[in-house]
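Remember, predicted model here, so these are calculated numbers, not experimental data. By convention in this document, chain letters (A, B, ...) are assigned in the order of the sequence lines, proteins followed by strands, and residues within each chain are numbered from 1.
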Protein chains: 2
Amino acid sequence: MSLTYIQSFVAVAEEGHVGRAARKLHLTQPPLSRHILALEDELGTRLFERTPRGMRLLPAGEVFLSHARRILAEVDVAIERTKGAGGSDD
Amino acid sequence: MSLTYIQSFVAVAEEGHVGRAARKLHLTQPPLSRHILALEDELGTRLFERTPRGMRLLPAGEVFLSHARRILAEVDVAIERTKGAGGSDD
DNA sequence: ATGCATTACGCTTATCGTAAAGATG
DNA sequence: CATCTTTACGATAAGCGTAATGCAT
């Protein structure tokens with residue numbers, strides 16, 4: 001599991017489209033598509049349904065999405081608060 | 001930021017010793033030491049005090065530790081629940 | 001000298017981007 | 001055939017381990 005892949009997943013979930021999510025992440029489609037596939041492989045389940053219009057969340061994907069957002073938010077908080085705690089030591 | 005580095009940090013914090021933490025993680029000292037240095041660099045603050053006996057948490061390190069544990073626990077929950085949600089689809 | 005952490009350095013593995021290929025309306 | 005995602009493949013970058021170095025008792 002990797003935070004990069006989690007960020008990729010959230011972007012694709014929000015855009016519903018690998019191409020648009022890739023631009024948002026300053027990345028090209030292939031690596032982003034691989035992130036999703038790797039995540040699905042690691043979790044042992046499909047997260048998106050592939051449609052001609054793009055990517056649509058499956059139930060397992062929605063479950064993962066809520067956790068993914070929480071994880072990323074928690075990481076942001078961890079960074080911010082740790083920087084705050086150490087700022088006076090430098 | 002990387003989940004691997006966060007796991008490394010928690011191991012070193014718990015062992016107070018890079019060598020022991022490395023064995024616990026099935027790794028050697030140098031990469032583990034680099035994980036900690038990279039984390040400190042990214043956070044812009046020292047997380048450990050280096051003593052002749054090993055590594056001792058600084059205040060900023062203790063702040064980061066509590067968040068780190070929460071992040072790793074949340075990741076575990078995310079995996080478990082997503083697998084559970086998708087298990088019937090396969 | 002001992003017991004730590006860190007730095008140097010060569011190698012392996014992971015990840016990227018361009019280009020080509022599948023798949024579906 | 002148009003619009004997506006995915007696979008191939010060559011190149012770059014990240015990460016590991018052994019060995020050497022630094023630092024403090």
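Between the CZ atom of A:R56 and the P atom of C:dT24 there is a distance of 17 Å, rounded to whole Å. What separates CD of A:E42 from P of C:dA14 is a distance of 13 Å, to the nearest Å. One interatomic measurement links the two molecules: CD of A:E49 to P of D:dT6, which rounds to 13 Å at whole-angstrom precision. Between B:L37 atom CG and C:dT6 atom C1' there is a gap of 7 Å when expressed in whole angstrom units. One interatomic measurement links the two molecules: CD of A:E40 to P of D:dT6, which rounds to 7 Å at whole-angstrom precision. Computed from coordinates, the B:R50 CZ to C:dT6 C1' distance equals 9 Å when rounded to whole Å.
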(request) Could you run through nucleotides 15-25 of chain D and give me one letter per nucleotide, 5' to 3': B if any protein heavy atom sits under 4.0 Å from the base, S if only the sugar-phosphate is that close, - if neither? (result) SBBBB----S-
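A heavy-atom distance below 4.0 Å to DNA chain D is reached by these residues of residues 7-21 of chain A, ordered by number: A:H17, A:V18, A:G19.
Among pairs with a residue in residues 47-66 of chain B, those fulfilling salt bridge (Lys or Arg N to Asp or Glu O under 4.0 Å) read B:E40-B:R50, at least two apart in sequence or across chains. Residue pairs satisfying the ring pair (Phe, Tyr, Trp, His ring centres under 6.0 Å) criterion with at least one member in residues 27-51 of chain B, sequence neighbours excluded, are listed as follows: B:Y5-B:H35, B:F9-B:F48.
A:R20 meets the salt bridge (Lys or Arg N to Asp or Glu O under 4.0 Å) test with A:E15; sequence neighbours excluded.
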With a 3.5 Å cut-off and sequence neighbours excluded, list the donor-acceptor pairs that the side chains of residues 65-78 of chain A form with protein atoms.
residue : atom : partner : partner atom : Å
A:S66   : OG   : A:V63   : O            : 2.9
A:H67   : ND1  : B:E74   : OE2          : 2.8
A:R69   : NH2  : A:E14   : OE2          : 3.3
A:E74   : OE2  : B:H67   : ND1          : 2.8

